[in-house]
Amino acid sequence: MDWIDQKYIGLLSGNLQLFSKKNGVFNFRCPICGDSKKSKSKARGFLVEQNNVVFYKCHNCSVSKPFAKFLEICNASLFDEYRNERYKEKHGISRDEHRQKLVDKVPDITSTATPIFIKYSPLRDLKKVSQLRPDHPVKLYVVKRLIPSKFHFKLFFAPKFREWVNSFIPDKFDLNQKDEPRLVIPLLDSYGKLIGLQGRNFSKNGLRYITIIIDETKPKIYGLDHTDLRKPTYLFEGPIDSLFIPNSLAMAGSDCLSAINILQKQHEKLDLTFVYDNEPRNKEIVGRIEKMIDNGWKVALWPPHIKHKDVNDMVMAGMKPADLKLIIDNNTFSGLEAKLQLSIWRKT
């Protein structure tokens with residue numbers, strides 16, 4: 001069995017009840033028919049390799065499918081990642097990258113702007129989280145935090161973060177200090193060009209996030225490469241939180257008004273909702289929210305029954321992203337109403 005099939009079986013295993021492996025055969029309860037309703041210990045679904053192809057077979061409902069089809073049924077986003085990886089193995093480039101190349105080839109006859117050419121990116125020296133083995137500590141960390149698999153290819157691992165940053169920004173860090181591994185979260189502009197990055201610490205010691213800005217002329221915001229600013233958009237404090245709610249951005253600094261001003265010049269009808277962490281007793285966060293209200297922006301204020309600090313913690317506690325989006329939408333305010341609700345929220 002090749003490594004790609006093994007990798008995605010491992011990634012899918014967390015969704016399969018009674019998953020086990022014996023003598024090269026993977027066994028679990030069938031997610032298609034639900035297996036036995038009388039006995040919760042029966043597991044009649046199997047993944048087996050035949051003529052170098054992995055098949056799924058259920059001895060209860062008699063379903064028989066290639067692993068790729070089975071994966072598509074069980075986890076659509078994981079299947080898209082699997083399909084991209086298979087495509088890249090065959091063609092040396094992912095389907096998404098190939099599509100982007102085709103798009104880039106179409107000339108824009110309505111624009112006379114100077115074309116932007118994306119040259120070497122330091123990210124090429126790192127491995128994407130999607131490329132790491134299922135048992136890699138960083139992969140396990142990302143999976144444990146329930147970060148959607150469709151975003152794993154947008155996250156990177158730097159075994160020696162300071163040394164890597166110094167490779168493209170000389171003398172940024174003193175290498176006499178102890179180096180450390182970090183999760184790298186790239187800040188890309190709408191063209192996919194690297195304009196900065198955040199390094200997320202894996203331990204509780206030291207700075208949780210280190211933000212590096214490469215291009216000071218661009219808005220210091222995460223998510224511009226995969227967000228449609230023509231639609232209603234959410235702006236979170238942290239990049240990881242933004243990955244759970246569709247069409248979301250994240251701040252790359254405590255004061256983002258200057259970045260928002262740049263976006264406003266590019267998009268006249270910018271529809272933004274600011275979603276801060278659920279810390280009503282934090283004077284700094286309350287002050288930031290007040291500032292956004294005074295500048296005419298909409299803000300979301302978490303209701304009293306929500307006790308967790310941020311979206312990632314809420315998801316890890318069992319809440320569904322779709323429900324969280326509904327809570328945000330139902331608790332979004334602006335103007336005088338926002339000020340009134342803020343005065344109530346800060347006392348909860």
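What you see below is based on every heavy atom in this structure, not just the backbone, and it leaves out hydrogens, waters and symmetry mates.
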> Are any non-hydrogen side-chain atoms of Ile147 and Tyr141 less than 4.5 angstrom apart?
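The answer is no, as the side chains (C-beta and beyond) never meet within the 4.5 Å cut-off.
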> Flag the pair Asp225 and Lys154 as a salt bridge only when some basic side-chain nitrogen lies within less than 4.0 angstrom of an acidic carboxylate oxygen.
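Looking at Lys154 together with Asp225, the answer is yes, because their closest N to O distance falls below 4.0 Å.
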> Is the number of heavy atoms from other residues, nucleotides or ligands within 6.0 Å of CD (Gln17) greater than 12?
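No, CD of Gln17 has 12 or fewer neighbouring heavy atoms, counting only those of other groups under 6.0 Å.
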> Salt bridge or not for Asp294 and Lys339, using N-O below 4.0 Å?
yes
> Can a donor-acceptor pair be found, under 3.5 Å and without considering hydrogens, that links the side chain of Gln266 to the backbone of Leu263?
no
> Give a yes or no on whether a salt bridge exists between Lys128 and Glu85, defined as a side-chain N under 4.0 angstrom from a carboxylate O.
no
> Got Ile245 and Phe236 here, is their nearest side-chain heavy-atom distance under 4.5 Å?
yes
> Take atom CZ in Arg133; do more than 12 heavy atoms of anything else shown fall under 6.0 Å from it?
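No, CZ of Arg133 has 12 or fewer neighbouring heavy atoms, counting only those of other groups under 6.0 Å.
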> Can you find a heavy atom in the side chain of Ile4 that is under 4.5 Å from one in the side chain of Arg86?
yes
> Below 4.5 Å, heavy atoms only, C-beta onward: do Arg208 and Gln198 meet side chain to side chain?
no
> Say whether Tyr234 and Asp271, considering side chains only, have a donor N or O and an acceptor N or O under 3.5 Å apart.
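Distance-only check fails for Tyr234 and Asp271.
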> Same cluster or not: are Leu140 and Leu12 linked, directly or through other Ile, Leu, Val, Met, Phe, Trp or Tyr residues, by side-chain heavy atoms under 4.5 angstrom apart?
no
> Quick one: does Asp228's side chain have a donor or acceptor within less than 3.5 Å of a partner on Arg230's backbone?
yes
> Glu180 vs Arg182, test: salt bridge (Lys or Arg N to Asp or Glu O under 4.0 Å). Steps then yes/no.
CA-CA 6 Å; Glu180 59 189 356; Arg182 282 184 178 261; 2.7 Å; yes
> Just by distance, with hydrogens left out, do Ser77 and Ser149 show a side-chain donor and acceptor under 3.5 Å apart?
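The answer is yes; a qualifying pair exists.
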> Are Trp164 and Leu126 side-chain neighbours, meaning at least one heavy-atom pair lies under 4.5 Å?
yes
> Has the side chain of Ser121 got a donor or acceptor atom that lies under 3.5 Å from a matching backbone atom of Leu123?
yes
> Looking at every heavy atom in both His308 and Ala317, which two are closest together, and how far apart are they?
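Of all heavy-atom pairs spanning His308 and Ala317, the closest is NE2-CB, 3.3 Å.
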> Is it true that Asn15 and Ser13 share a donor-acceptor pair across their side chains at a distance under 3.5 Å?
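No pair is found: no donor N or O on one side chain lies under 3.5 Å from an acceptor on the other.
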> Mind checking whether Tyr276 and Phe274 have parallel, tilted or perpendicular rings, split at 30° and 60°?
parallel
> Treating Asn60 as the side-chain partner and Ser36 as the backbone partner, does any N or O pair qualify as donor plus acceptor under 3.5 Å?
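Not confirmed, Asn60 side chain does not pair with Ser36 backbone.
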> Any link between Ile344 and Ile328 through a network of hydrophobic side chains (Ile, Leu, Val, Met, Phe, Trp, Tyr) touching at under 4.5 Å?
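No, because Ile344 and Ile328 fall into different hydrophobic clusters, even though each may have its own neighbours under 4.5 Å.
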> Which heavy-atom pair separates Pro321 from Phe244 by the least distance, and what is that distance?
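Smallest interatomic distance, heavy atoms only, reads CB-O, 3.3 Å.
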> Identify the two heavy atoms, one from Ala338 and one from Val299, that lie closest to each other, and give their separation to 0.1 Å.
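Shortest heavy-atom separation between Ala338 and Val299 comes out as CB-CG2, 4.2 Å.
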> Do Phe55 and Phe46 make the cut of ring centroids closer than 6.0 angstrom?
no
> Indicate if Met316 and Val142 have the same hydrophobic cluster label, given that clusters are the connected sets of ILVMFWY residues with side-chain heavy-atom separations under 4.5 angstrom.
yes
> Do you see a donor-acceptor pair shorter than 3.5 Å between the side chains of Lys127 and His136?
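No pair is found: no donor N or O on one side chain lies under 3.5 Å from an acceptor on the other.
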> Mind checking ring pair (Phe, Tyr, Trp, His ring centres under 6.0 Å) for Tyr56 and listing every partner two or more places apart, or none if nothing turns up?
Phe28, Phe70
> For atom NZ of Lys309, decide whether the heavy atoms of other residues, nucleotides or ligands shown that lie under 6.0 angstrom number more than 12.
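Yes, NZ of Lys309 has more than 12 neighbouring heavy atoms, counting only those of other groups under 6.0 Å.
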> Are any non-hydrogen side-chain atoms of Lys298 and Ile293 less than 4.5 angstrom apart?
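No. Closest side-chain heavy atoms not under 4.5 Å.
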> Test your reading of the model: is there a side-chain donor-acceptor pair from Thr227 to the backbone of Leu224, 3.5 Å cut-off?
no
> For the side chain of Asn312 and the backbone of Arg145, is there at least one donor-acceptor N/O pair under 3.5 Å apart?
yes
> Say whether Leu71 and Phe19 are linked into one hydrophobic cluster, either directly or through other cluster members, by side-chain heavy-atom distances under 4.5 angstrom.
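Yes, Leu71 and Phe19 fall within the same hydrophobic cluster.
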> I'd like to check Ile185 versus Tyr209 (side-chain heavy atoms, cut-off strictly below 4.5 Å). Are they in contact?
yes
> For a quick test of reading the model, state the closest non-hydrogen atom pair linking Pro181 to Phe202 and the distance between them.
O-CD1, 3.5 Å
> Is it true that Asn176 and Asp174 share a donor-acceptor pair across their side chains at a distance under 3.5 Å?
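Yes - a donor-acceptor pair under 3.5 Å links their side chains.
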> Going by salt bridge (Lys or Arg N to Asp or Glu O under 4.0 Å), Asp35 matches just one of Lys42, Lys40, Arg44. Which one?
Arg44
> Does Leu301 share a hydrophobic cluster with Leu336, counting links as ILVMFWY side-chain heavy atoms below 4.5 Å and allowing steps through other members?
no
> Is any NZ, NE, NH1 or NH2 atom of the basic residue among Arg288 and Glu237 found under 4.0 Å from an Asp or Glu carboxylate oxygen of the other?
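A salt bridge is present here (some side-chain N lies under 4.0 Å from a carboxylate O).
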> Check whether any side-chain N or O of Asp179 sits under 3.5 Å from a backbone N or O of Glu163 as a donor-acceptor pair, and report yes or no.
yes
> Using a 6.0 Å cut-off, check whether atom CG of Asp171 has over 12 heavy atoms from anything other than its own residue.
no
> Return the minimal non-hydrogen interatomic distance between Ala252 and Ile221, and the atom names on each side.
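Where Ala252 meets Ile221 most closely, the heavy atoms are CB-N, 4.3 Å.
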> If I compare all heavy atoms of Trp297 with all of Ser334, which pair ends up nearest, and what's the gap?
O-CB, 4.2 Å
> So His152 and Lys139, do their side chains get closer than 4.5 Å, heavy atoms only?
yes
> Given the rule in the side-chain contact (heavy atoms from CB on, under 4.5 Å) test, do Val129 and Phe156 qualify, once you have shown the distances and angles that lead to the verdict?
CA-CA 5 Å; Val129 170; Phe156 295 77; over 6 Å; no
> Tell me if a side-chain donor or acceptor on Lys178 pairs with a main-chain N or O of Leu175 at a distance below 3.5 Å.
no
> Would you find a donor on one side and an acceptor on the other, under 3.5 Å apart, between the side chain of Asn282 and the backbone of Glu284?
yes
> Hey, is the main chain of Gly196 close enough, under 3.5 Å, to the side chain of Asp215 for a donor-acceptor pair?
no
> Using distance alone, with no hydrogens and no angle criterion, decide if Asp5 and Tyr82 have a side-chain donor and acceptor under 3.5 Å apart.
yes
